[in-house]
Structure formats: C-alpha cells, structure tokens
Amino acid sequence: MPPPPKPPSLAALKKSARTCRSCDLWRDATQTVFGEGPPDARMFFIGEQAGDKEDREGRPFVGPAGHLLDEVLAEVGIDRRDVYVTNVVKHFKFELRGKRRLHKRADAAQVAACLQWLDAELARVRPRYVVCLGSLAAKIVLGRGFKLMQERGRWIALDVGQWALATVHPSYVLRARSGSGGEDELRRFRRDLMKLRDPPE
Ligand code: URA
C-alpha cells in the first residue's frame, strides 16, 4: 500500500487559511491569525481565539495573555521560539463599543468551521506534547466531558506517543489578578506548566 500523502506544509496551510470563508468572522477581522513555531516542535500550545492585538499583528499570543504565557514559559525553562503556538479560532471576534473592540466568544458553528485548520496543524507538526490553554482547547483535544478545573495540570495519554496537558487560559489568570485571589491563580498556572519540565517519555 502506498504511504499516506504528507499533509500540506505549514506555509501552504497558512496561505490557504488567509482566504478562509468557512464562517463569517473574516468579514470584520483584520486578518487570519495562523499558528506559528517550528514545523517539528515537540510542544504544541492551543489557545482559544485570536485577540485584538493578535488580529492587528497577525500572530498568536502577542497581547497581554501572550506576555504572561511567555513569562511563565521562561520560568519553566521553555523558550517560546521552540514551541508551536496556535488557537482554536483563527479570527478575532468582537463587538464595537464606541471605538473599543470588545472580545466576543466564537459560537459553536464558528468553532466547528475553524477546526479544519487546527486539525491540519496537528497533522503536520505531529507534536509529542499538546498543551491546552483553557476549556475550549481542552474539550476539543480531550473530549467534551473534560473538566478543566478537576483535571488540569496532569499528563493524559492521547495516542501512541502523544500526550496532552490542560490548564487555564492565561487571560483567566490576568482577570483573576485584577481581583483578590489572583496570585493563587498565577501560582496554580505556574504549577501546571511546571509539569512541562518533566513530560512523560
Ligand atoms: N487569547 C487566545 O486564546 N489566543 C491569543 O492568541 C490571544 C489571546
């Protein structure tokens, strides 16, 4: 039997995603925010959806949530440039309030329409470790019944030689930090990501 065809390169996927019309989010967004990182990355991070800054810059996790992620990854000893970072939803969805663009959550149909890109990124990179940031990514990778708050911070076998770990989204930590108890959330987030130091074989 001939070997299965190799999935398209990340550059080819990114180019195709630029003109994706599978849902309506492209209309108001500035651009598609595709994932980035080494094509052979061992670690693959999945966020929720592109935010305001990501929409303007065309890169994932470059706003406040991204800065927190970079900071904690550095504490863990991981260089962001060594990992692949992407989102479930690759367009920014927002509501205009005066001049402000307020983040809105993508609906189920928009998420479903966008999954083709995440699937293709996973198929191409074939990471050994998948890190889900937030409940949307966790439920997609680990199943709808996954309970983030009970099951966060543990390695879970996905497939032969592939593992996943879920934690909260860094935006959740940032929101908590603006109220009381925020430092605890940061500690928990850090503790979850410390598990990346010693992943399963
Ligand atoms: N939140 C996300 O989930 N992804 C980003 O890229 C930025 C903020």
Side-chain angles (χ1 to χ4, degrees), residues 10 13-14 17-18 20 23 25-26 28-38 41 43-74 78-95 97 100-122 125 127 129-142 146 148-149 152-153 164-178 182 185-186 188-190 192-193 196:
L10 292 171
L13 290 169
K14 182 173 180 176
R18 222 179 272 156
C20 181
C23 80
L25 290 182
W26 66 275
D28 295 328
T30 309
Q31 57 194 317
T32 306
V33 179
F34 205 71
E36 63 176 26
M43 276 187 194
F44 187 108
F45 286 71
I46 311 174
E48 187 172 316
Q49 71 187 71
D52 182 75
K53 187 129 193 267
E54 289 75 19
D55 171 74
R56 296 179 200 278
E57 293 196 15
R59 296 181 53 213
F61 280 102
V62 288
H67 293 148
L68 176 63
L69 178 64
D70 291 352
E71 228 174 80
V72 176
L73 285 183
I78 292 174
D79 188 327
R80 156 89 180 251
R81 288 168 300 186
D82 293 336
V83 302
Y84 193 85
V85 179
T86 193
N87 284 298
V88 175
V89 177
K90 289 168 168 67
H91 279 117
F92 179 43
K93 179 174 179 178
F94 60 93
E95 184 181 291
R97 239 353 123 68
R100 294 182 57 213
R101 306 195 304 169
L102 298 184
H103 166 96
K104 271 190 89 179
R105 195 163 262 176
D107 64 31
Q110 290 159 341
V111 169
C114 212
L115 277 184
Q116 58 185 310
W117 301 115
L118 178 63
D119 287 344
E121 289 171 292
L122 280 165
V125 178
Y129 305 108
V130 177
V131 183
C132 303
L133 300 169
S135 167
L136 178 66
K139 283 180 188 294
I140 284 166
V141 172
L142 292 159
F146 186 79
L148 182 62
M149 289 312 186
R152 62 187 287 185
L165 177 142
T167 184
V168 295
H169 193 284
S171 299
Y172 171 83
V173 180
L174 289 177
R175 280 194 302 276
R177 271 175 118 181
S178 60
E185 289 303 339
L186 178 59
R188 280 195 277 269
F189 183 59
R190 224 186 246 135
D192 290 347
L193 291 185
L196 306 185

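Keep in mind that the numbers below use all heavy atoms, side chains included, and drop hydrogens, waters and symmetry copies. In this text, all values refer to a predicted model and were calculated from it rather than measured experimentally. Atoms within a ligand are numbered from 1 in the order they appear, just like the ligands themselves.
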Inset, instruction - Looking only at protein heavy atoms, identify the closest one to atom 4 (N) of ligand 1 and say how far it is in Å. - result: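 Atom 4 (N) of ligand 1 sits closest to the protein heavy atom Asn87 OD1, 2.6 Å.
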Legend entry - Heavy atom of the protein closest to atom 2 (C) of ligand 1 (residue, atom name, distance):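 Among all protein heavy atoms, the one nearest atom 2 (C) of ligand 1 is Gln49 O, 3.0 Å.
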Inset, instruction - Report the part of Lys53 in contact with ligand 1, treating N, CA, C, O as backbone and CB onward as side chain, heavy atoms under 4.0 Å; options are side chain, backbone, both, neither. - result: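 Near ligand 1, Lys53 shows nothing, with every heavy atom at 4.0 Å or more.
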Considering only heavy atoms of [X], which atoms of ligand 1 have at least one such atom less than 4.0 Å away?
X      : answer
Gly47  : 3 (O)
Glu48  : 2 (C), 3 (O)
His169 : 1 (N), 2 (C), 3 (O)
Pro60  : 6 (O)

Inset, instruction - State whether Lys90 and Glu54 are salt-bridged, where the test is any N-O pair (Lys NZ or Arg NE/NH1/NH2 against Asp/Glu carboxylate O) under 4.0 Å. - result: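 A salt bridge is absent here (no side-chain N lies under 4.0 Å from a carboxylate O).
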Inset, instruction - For the residue pair Lys93 and Gln110, confirm or rule out a side-chain donor-acceptor distance under 3.5 Å. - result: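 Yes, a side-chain donor-acceptor pair sits under 3.5 Å.
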Inset, instruction - Describe, in one word, how the ring planes of Trp117 and Phe34 are oriented to each other, choosing from parallel (under 30°), tilted (30 to 60°) and perpendicular (over 60°). - result: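 Trp117 vs Phe34 ring planes: perpendicular.
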Legend entry - Any donor-acceptor pair under 3.5 Å from Thr86 side chain to Ile46 backbone: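 Checking the backbone N and O of Ile46 against the side chain of Thr86, no donor-acceptor pair under 3.5 Å is found.
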Legend entry - Taking every non-hydrogen atom, the tightest pair across Ala164 and Val141: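 Looks like CB-CG1, 4.1 Å.
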Inset, instruction - Evaluate salt bridge (charged side-chain N to carboxylate O under 4.0 Å, His left out) for Glu36 paired with Arg59, printing each intermediate quantity in order. - result: CA-CA 7 Å; Glu36 63 176 26; Arg59 296 181 53 213; 2.7 Å; yes
Legend entry - ligand 1 N/O within reach of Ala50 N/O, cut-off under 3.5 Å: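 No: no nitrogen or oxygen of Ala50 is under 3.5 Å from one in ligand 1.
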